[in-house]
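See below for the structure under consideration.
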Amino acid sequence: MNMNCLFIPLAACLLTACGAEKQNASYDVIPKPQVTLLTQDSPFRLQESTVIAYPENDTLLKRNAAFLAGYIKESTGYAPETKATAGDDKPAKAIRLGIDPTIKNREGYRMTVTADGVDLCGQTPNGVFYAIQTLRKSIPATAKEADIMLPAGQVEGEPRFGYRGMHLDVARHFFDMDFVKEYIDLMALHNMNTLHWHLSDDQGWRIEIKKYPRLTEKGSVRQRTVIGRNTGQYDETPHGGFFTQDEAREIVRYAQERYINVIPEIDMPGHMLAALAAYPELGCTGGPYEVCPLWGVFEDVLCIGNDKTMEFLEDVLEEITAIFPSRYIHIGGDEVPRTRWEKCPKCQARIRQEGLTDGNGHSAEDRLQSYCMARMEKFLNSKGRQAIGWDEILEGDVAPNATVMSWRGSAGGIKAAQMGHDVIMVPNNYCYFDYSQSRDPKSEPFEGIGNYVPVEKVYSLEPTAGLDEQQQKHIIGVQANLWTEYISQPWQAEYMVLPRMAALSEVQWLQPEEKDYEDFLHRLEGLARLYDRDGLTYAKHVFAAQTDSVQAR
Ligand code: TNX
């Protein structure tokens, strides 16, 4: 017998005698629960033998239970067993998932902790999922093999907005399946429920469309990319990538499991150079066009006078709606120069034919854009879907049922809400996560687009400011955008969204009077430990004591 064999039973016996290490949970999480009522009763002890119970035959809560077991394992190294329970059976010393219809908000949750067990409830499985996220963030990020003491009491939360979004531009730089999934996981961690997936732009077409194979064959690859901010020098390296329809469906499913809806965006009728490179006949001049190697706004846009273009757009949306079950489909509409249309005989014929005229501060060409957007909106409505457009769609006659995404500050959103449109607030001066987090952009770890949106600024956004009570109802949510002209690596994307996403999550989840920036910063320390544990790159500007700079991984 060698010494190792002798040693193992001795070590096991010592551990039983002394018990596992104990660590305490804290409900000071992000987003902050609206209610935290602690009692002086004994805490609940979460340990390896704890069971996670869910009602039998409830497949969604079963999946939720598996998520919770996985999250606990990330922290402790052990995954509690998950177990179906029948009827009113309430297993002792367990974490019990359940639906409670008395919870008012559809996504609201309640977590009740006693020495005998933890009840995680929601009005819906979505709410239970947020109870799970809250519990997950309450546990110390790293507590290897430890027992976790959960203070007794009640913790409750409910979101202010039903639309809590993050946008991801995979057109300017391609991000693969693994990263998109990671991004979705980050959204779940921050209680967000909508991914706005920007799938096409001048610099790349990223989604397979079966009827138009050249969109991905040719349109998904740009032969070169400008270095820095349109310096005139190019890397002479092809950049490409796209998602097959099956892959996109996999993303939809992955997101759905985490209660996240994926809204695809096909940006039209501008930002279309990648499509034009593949199908030059859809442009006013006929080309040739190149998948764009530069950043900016370009004059070559789709020819609205050409019936084939309209057919193309409807065909694309047809396939998009078949892939994405989302009620909302984003059809872009931003940054569309009118110069080509002014000189294009087909566009001018369309203007005459449709009786589009100038007036009220808008040109006939502005109305040509409205014509295109309204036609696509009608097409989507006929399929039971809703169109979202950037706030430029307010220039001209707005598509009547469209939801407006206000990006050029909040003014467009205010105007749209006053006109009775639903609005998603994405003001660039608060919500553009491609903007710098430092006053001195040169101090950042890589070159960005510039500007300045620090964490505190994000936190300070009040999305319904300037609106009366009736108009406020039209603000259905808030989102931040990650445009990726200057972001090509996953670690850079992480750096840009973290921890600004944490600040945004409180804008999305809390009522204005519940927000408190100093308190948020204190709670952010705990969340940052989780970022550390998961090896995420994040910006450290708000962590005063920290001086280490971010390194490329
Ligand atoms: C404006 S926001 C754009 C994008 C750019 C972004 C850069 C919007 C609708 N259009 O095409 O990527 O600025 O910050």
Side-chain angles (χ1 to χ4, degrees), residues 165-175 196-206 222 225-226 228-230 239 263-276 291-302 328-337 369 372-373 387-396 398-399 402-413 415-416 423-437 441 444 446-453 457-458 461 478-488 492-493 495-497 500 504:
M166 280 295 291
H167 150 290
L168 178 63
D169 170 12
V170 292
R172 270 56 177 272
H173 281 102
F174 178 69
F175 288 83
H196 168 177
W197 204 10
H198 187 79
L199 287 166
S200 71
D201 217 303
D202 296 306
Q203 297 82 5
W205 185 282
R206 306 281 176 230
R222 63 172 176 271
T225 302
V226 72
R229 295 206 208 153
N230 289 353
H239 178 89
I263 299 180
E265 180 185 355
I266 300 296
D267 199 351
M268 62 182 77
H271 287 288
M272 269 284 177
L273 276 170
L276 287 173
V291 181
C292 193
L294 291 162
W295 314 125
V297 175
F298 303 95
E299 292 192 317
D300 283 306
V301 300
L302 292 180
Y328 289 115
I329 304 289
H330 203 307
I331 52 175
D334 60 314
E335 301 177 325
V336 190
Q369 150 124 345
C372 171
M373 300 313 276
I388 302 182
W390 297 108
D391 60 44
E392 282 92 338
I393 66 170
L394 294 166
E395 293 160 4
V398 196
T403 296
V404 174
M405 201 168 250
S406 182
W407 74 275
R408 296 173 298 178
S410 301
K415 184 174 160 203
V423 171
I424 298 153
M425 282 293 187
V426 196
N428 57 343
N429 43 345
Y430 294 85
C431 292
Y432 269 34
F433 288 1
D434 56 331
Y435 290 3
S436 175
Q437 298 174 81
E444 294 285 36
F446 58 98
E447 188 178 15
I449 201 166
N451 301 315
Y452 180 45
V453 174
K457 181 84 193 234
V458 178
L461 173 62
V478 186
Q479 169 180 297
N481 289 352
L482 190 67
W483 298 104
T484 58
E485 288 96 328
Y486 300 91
I487 300 164
S488 59
Q492 296 173 333
Y495 176 86
M496 297 309 265
V497 300
R500 287 188 284 199
L504 178 72

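Indexing begins at 1, ligand by ligand and atom by atom, following the structure's order. Both backbone and side-chain heavy atoms feed into the values below; hydrogens, waters and symmetry mates do not.
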Review point. Does even one non-hydrogen atom of Trp295 get within less than 4.0 Å of ligand 1?
Key: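 Per 4.0 Å heavy-atom rule, Trp295 does not contact ligand 1.
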Check your understanding: Could a heavy atom of His271 be found less than 4.0 Å from some atom of ligand 1?
Key ->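 It does, in that a heavy atom of His271 comes within the 4.0 Å cut-off of ligand 1.
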Exercise for review: May I ask you to identify, for Ile449, whether its side chain, its backbone, both or neither come under 4.0 Å of ligand 1 on a heavy-atom basis?
Suggested key: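 Side chain only; the backbone of Ile449 stays clear of ligand 1.
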Review point. Distance-only, no hydrogens or angles: does the Thr484 side chain make a donor-acceptor pair with backbone N or O of His173 under 3.5 Å?
Key: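 Such a contact is found between Thr484 side chain and His173 backbone.
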**Study point:** Arg172 side chain vs Gly204 backbone, donor-acceptor pair below 3.5 Å
**Key:**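 No: the side chain of Arg172 does not pair with the backbone of Gly204.
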Sub-3.5 Å N/O-N/O distance, [X] and ligand 1:
X      : result
Asp334 : yes
Arg172 : yes
Tyr435 : no

List the closest protein heavy-atom neighbour of [atom]: residue, atom name, distance to the nearest 0.1 Å.
atom                   : answer
atom 5 (C) of ligand 1 : Glu485 OE2, 3.3 Å
atom 3 (C) of ligand 1 : Glu335 OE1, 3.5 Å
atom 2 (S) of ligand 1 : Tyr432 OH, 2.5 Å
atom 7 (C) of ligand 1 : Asp434 OD2, 3.3 Å

Check your understanding: Atom CZ of Phe298 and atom CG of Asp300: how far apart are they, to the nearest 0.5 Å?
Key ->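 These two atoms lie 10.0 Å from each other.
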Check your understanding: Which class fits the ring pair Trp390 and Trp407: parallel under 30°, tilted 30 to 60°, perpendicular over 60°?
Key ->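 Rings of Trp390 and Trp407: perpendicular, as their planes differ by over 60°.
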Review point. Angle class for the Trp483/Tyr432 ring planes (parallel below 30°, perpendicular above 60°, tilted otherwise)?
Key: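 Trp483 and Tyr432: tilted rings.
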Review point. Is there a donor-acceptor contact under 3.5 Å linking the side chains of Gln437 and Tyr495?
Key: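 Gln437 vs Tyr495: no donor-acceptor pair found between side chains.
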Point to revise | For Lys457, the option from Tyr430, Tyr452, Tyr435 that meets side chain to side chain contact (heavy atoms under 4.5 Å, CB included) | key: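 Of Tyr430, Tyr452, Tyr435, side chain to side chain contact (heavy atoms under 4.5 Å, CB included) with Lys457 is met by Tyr430 alone.
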